[in-house]
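Take a look at the structure set out below.
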Amino acid sequence: MTYQFTNSSWISFAEQMRRFLRRNLNWFLVGGLALLLLQDIFGTHGVLAMRRTQQQAAQIRKEINQLDTENKKLLDRVKALKTDPATIERIAREENGLARPGEYIFKNQPRHGEGAGEPPAKR
């Protein structure tokens, strides 16, 4: 079976399409606008994604500031360890138990109930 189209059938189809588009053009525009609006809000680069990214950036900036502060403290300590004789002596005495010639080191053990360690074992 073959179809033969005449000029009159194409004209009527074209006229039907024109009428359909004229009747429904507003609905197509509203639907398209709604889709664009949804994409702008919920899309991968939409408003919600942008807010989430801004919050992550603020959190990272906060972490960077904390690390900068910690880094400054560590640099100050390194400088003191390299140049300050009092700091070097304090660490040598406290952590390594060193003393100057002629000095004696007395170590006291904590009494029962006063210690910073574990409580005495029960017998």
*Using a strict 4.0 Å threshold on nitrogen-to-oxygen distance, state whether Lys73 and Glu70 make a salt bridge.*
no

_Separation between CZ of Arg61 and CG of Asp68, rounded to the nearest 0.5 Å_ = 13.5 Å

*asked:* Can you tell me if Gln66 has over 12 outside heavy atoms packed within less than 6.0 Å of its CD?
replied: yes

*So how far is it from Leu21 CG to Gln16 CD, rounded to the nearest 0.5 Å?*
12.0 Å

*asked:* Rounded to the nearest 0.5 Å, what separates atom CD1 in Ile88 from atom NZ in Lys82?
replied: 11.0 Å

*In Å, rounded to the nearest 0.5 Å, how long is the span from OG1 of Thr69 to CD1 of Ile64?*
12.0 Å

*asked:* Going by side-chain contact (heavy atoms from CB on, under 4.5 Å), name the residues that satisfy it together with Thr87, two or more places apart in sequence or in a different chain.
replied: Ala80, Leu81, Asp84, Arg90, Ile91

_Closest non-hydrogen atom pair, Ala49 against Gly43_ = CB-O, 4.0 Å

*asked:* The criterion is salt bridge (Lys or Arg N to Asp or Glu O under 4.0 Å); which residues satisfy it with Arg51, sequence neighbours excluded?
replied: none

_Distance check, rounded to the nearest 0.5 Å: Leu33 atom CG versus Phe28 atom CZ?_
15.0 Å

*Do Lys62 and Asn65 have side-chain heavy atoms sitting under 4.5 Å apart?*
no

_To the closest 0.5 Å, what do you measure between CG (Asp40) and CG (Leu36)?_
6.5 Å

_Looking at Arg93, I want to see if its CZ is surrounded by more than 12 non-hydrogen atoms of other residues, nucleotides or ligands under 6.0 Å._
yes

